[in-house]
Colleague: 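Okay, handing you the structure first.
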Amino acid sequence: MSLDDLFNQAPKEVVKYFDRRPSRPSFRWSEWSPREHALGYTVARTAGFDVLDDIRAATRQAVVDRIPFEQFRAQLEPTLRAKGWWGERRVRDPRTGQLVKAQLGSVRRLSLIYDANIRSAEAAGDWIRIQRTKDVLPYLEYMTSLSERKRPLHLSWVGTTLPVDDSWWATHYPPNGWRCKCRVRSRAAPREGASTERPPINLQPWTNPATGESRLVPAGIDPGWESNPGRTRERMASRRLVDRLDRMGDEARRETIRHLRADPVFRYVTENGAGFDHGRRFEPDQAPAGRLRWPVAALGDELAAMLGTKSRTLTLSVADAAKIREKHPETTAFWPIVQEAIDNPDVVVTGPKLVLWRRVAGIPWKIALKASAPGELFLNSVYRGREDAFQKALKAAGKEG
């Protein structure tokens, strides 16, 4: 590859992010949650028109080859016009069944599609590289936009320098809105005069006009942009890992999970490397970080059946790990024996959660497992139980202490 090609083509991380997003037509952009936008590709008002693949192909070329907007428009507009996806038309709203006036293709819409997709893909690709180099460049600094018109709140964030894994970046990693050109810079240490305090997150209520769903969005961020697409991809990576583990045989799964417990990511989760604040777990800046999960143990058929799930991979989320670490710091000693405790419980108590008691080296541990609606398995809590509570559980199960 020549030097010109190196700078004229997008990095492989950017291309992979774009290519892994499956296409799906939609009628309204707001029909999709921020998470869905990070994981899929859509263009509003394309439902019922055979144009989404054309728009995607042109957008991909713009992302990969970094072609200018005028070239993107010149290649795509004739196709859209030929297929009737241009200008204002009356179309049927699939949600209500009524005919409504809608803006289909236009120069302004093509400009928004071009800008939003290029910036989102580059931001997600940059996030992958940021994670790869955070050992030597552990900080991110929020940088000013190059736009002539700058949003006041975005300007107030300029200079903010926080660790790469600080939860603030879950919602405030740019772009933070339509045509937002803010950016970040990796740093080995905060520069002199930089702000190392997390800016206040003033949550504002917003109701999605397409779904009627209400949620809180940080002030200064356009609804739908309050997520970090790169971090969303990280969470999906853990989901794909669990899916692969579930397809393995029992012995291979157990051996693989044993190695995964020695992985730095497991330490990151159990030691709350994400800085997750369990007391603020329902706030938008915390929730995305809390969903990252990592395999912790293999579950046998009997316990999985009790939980009503086909999965055999028990995972630990950042949110649950932060709660455990905050309330029960003594559980550091539990992780090396987690598989033994899961395999050989002294008592199993059924209920909304499956509670296991297991005495190891004289210590009675109480472990709670749960399954989510999609059948995902979580180690919800663990702590050193009281001896009298352990004896009571044994007695209720008809066992002797």
Colleague: So, is the end of the R56 side chain (NZ or CZ) under 6.0 Å from the ring centre of F18 and within 45° of the ring's axis?
Modeller: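 The answer is yes, since R56 meets both limits relative to F18.
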Colleague: Are the side chain of S120 and the backbone N or O of N117 linked by a donor-acceptor pair below 3.5 Å?
Modeller: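 Judged by distance alone, no pair lies under 3.5 Å.
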Colleague: Does R89 have any salt bridge (Lys or Arg N to Asp or Glu O under 4.0 Å) partners at least two apart in sequence or in another chain, and if so, which?
Modeller: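 Per chain and number, R89 pairs via salt bridge (Lys or Arg N to Asp or Glu O under 4.0 Å) with no residue.
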Colleague: State whether a side-chain donor-acceptor pair under 3.5 Å links D54 with T79.
Modeller: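 There is no such pair between these side chains.
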Colleague: Can you list the steps and then say if M306 with V348 is a side-chain contact (heavy atoms from CB on, under 4.5 Å)?
Modeller: CA-CA 10 Å; M306 290 181 181; V348 178; 3.8 Å; yes
Colleague: Check whether more than 12 heavy atoms from other residues, nucleotides or ligands sit under 6.0 Å from atom NZ of K12, and answer yes or no.
Modeller: no
Colleague: Go through the steps for W365 and F334 under the test ring pair (Phe, Tyr, Trp, His ring centres under 6.0 Å), then give the verdict.
Modeller: CA-CA 8 Å; W365 293 98; F334 174 77; 5.3 Å; yes
Colleague: Quick one, T315 and V242 - any side-chain contact, counting heavy atoms below 4.5 Å?
Modeller: yes
Colleague: For R312, is there an ion pair with D301 - N to carboxylate O distance below 4.0 angstrom?
Modeller: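 Looking at D301 and R312, the cut-off is met.
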Colleague: Between N176 and E226, does a side-chain contact (heavy atoms from CB on, under 4.5 Å) hold up when you go through it step by step?
Modeller: CA-CA 7 Å; N176 287 315; E226 70 275 21; over 6 Å; no
Colleague: Assess whether side-chain contact (heavy atoms from CB on, under 4.5 Å) is satisfied between R66 and E122, documenting all intermediate values.
Modeller: CA-CA 11 Å; R66 293 178 166 172; E122 289 186 347; 3.8 Å; yes
Colleague: Give the intermediate values and the outcome of side-chain contact (heavy atoms from CB on, under 4.5 Å) for residues L216 and Q204.
Modeller: CA-CA 5 Å; L216 296 173; Q204 307 291 326; over 6 Å; no
Colleague: For residues F49 and K83, determine if any side-chain heavy atom of one lies less than 4.5 Å from a side-chain heavy atom of the other.
Modeller: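 F49 vs K83: side chains apart.
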Colleague: So, for G362 and R359, which heavy atoms are closest and what is the spacing to 0.1 Å?
Modeller: O-NH1, 3.3 Å
Colleague: Which pair of heavy atoms, one from A102 and one from V91, lies closest together, and at what distance?
Modeller: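 Shortest heavy-atom contact: CB-CG2, 3.6 Å.
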Colleague: Take the angle between the ring planes of W178 and W225 and call it parallel below 30°, perpendicular above 60°, tilted in between.
Modeller: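 W178 vs W225 ring planes: perpendicular.
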Colleague: Please state whether the rings of F69 and F72 are parallel, tilted or perpendicular, taking 30° and 60° as the class boundaries.
Modeller: tilted
Colleague: Is any side-chain heavy atom of M248 less than 4.5 Å from a side-chain heavy atom of T313?
Modeller: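 The answer is no; the side chains never approach within 4.5 Å.
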Colleague: Between T196 and T161, is there a side-chain donor-acceptor contact under 3.5 Å, judged purely by atom types and distance?
Modeller: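 There is no such pair between these side chains.
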Colleague: Does the ring pair (Phe, Tyr, Trp, His ring centres under 6.0 Å) test come out yes or no for F266 and W294, once each step is laid out?
Modeller: CA-CA 6 Å; F266 182 71; W294 195 249; 8.2 Å; no
Colleague: Counting heavy atoms not belonging to D50, are there more than 12 under 6.0 Å from its CG?
Modeller: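 Count not over threshold, so no.
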Colleague: Where is the tightest heavy-atom contact between P174 and C182, given as atom of each residue plus distance?
Modeller: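 P174 and C182 have their closest heavy atoms at CB-O, 3.4 Å.
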Colleague: Quick one: does R179's side chain get under 4.5 Å of S111's, heavy atoms only?
Modeller: yes
Colleague: In chain order, what residues pass the salt bridge (Lys or Arg N to Asp or Glu O under 4.0 Å) check against R191, with sequence neighbours excluded?
Modeller: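 Only E141 meet the salt bridge (Lys or Arg N to Asp or Glu O under 4.0 Å) criterion with R191.
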Colleague: Does any donor atom in the side chain of D343 or Q339 lie under 3.5 Å from an acceptor atom in the other side chain?
Modeller: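 D343 vs Q339: donor-acceptor pair found between side chains.
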Colleague: What are the two closest non-hydrogen atoms of A297 and V338, and how far apart are they?
Modeller: CB-CG2, 4.3 Å
Colleague: Using side-chain heavy atoms (C-beta onward) and a distance below 4.5 Å, is L369 in contact with L356?
Modeller: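 In short, these two side chains touch, coming nearer than 4.5 Å.
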Colleague: Got P295 and L241 here, is their nearest side-chain heavy-atom distance under 4.5 Å?
Modeller: yes
Colleague: Of all residues at least two apart in sequence or in a different chain, which pass the salt bridge (Lys or Arg N to Asp or Glu O under 4.0 Å) check with R261?
Modeller: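 Expected list: none.
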Colleague: Would you say that L260 contacts L245 through its side chain, given a criterion of any heavy-atom pair below 4.5 Å between the two side chains?
Modeller: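 Result yes, sub-4.5 Å side-chain heavy-atom pair found.
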Colleague: Can you find a heavy atom in the side chain of I130 that is under 4.5 Å from one in the side chain of Y173?
Modeller: yes
Colleague: One thing to verify: whether D250 and R254 come together as a salt bridge, which I'm taking to mean a side-chain N less than 4.0 angstrom from a carboxylate O.
Modeller: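 Salt bridge flag = yes for D250 with R254.
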Colleague: Does the plane of the ring in H154 sit parallel, tilted or perpendicular to the ring in Y142? Use 30° and 60° as the thresholds.
Modeller: perpendicular
Colleague: Where do W157 and A219 come nearest, in terms of heavy atoms and distance?
Modeller: CZ2-O, 3.6 Å
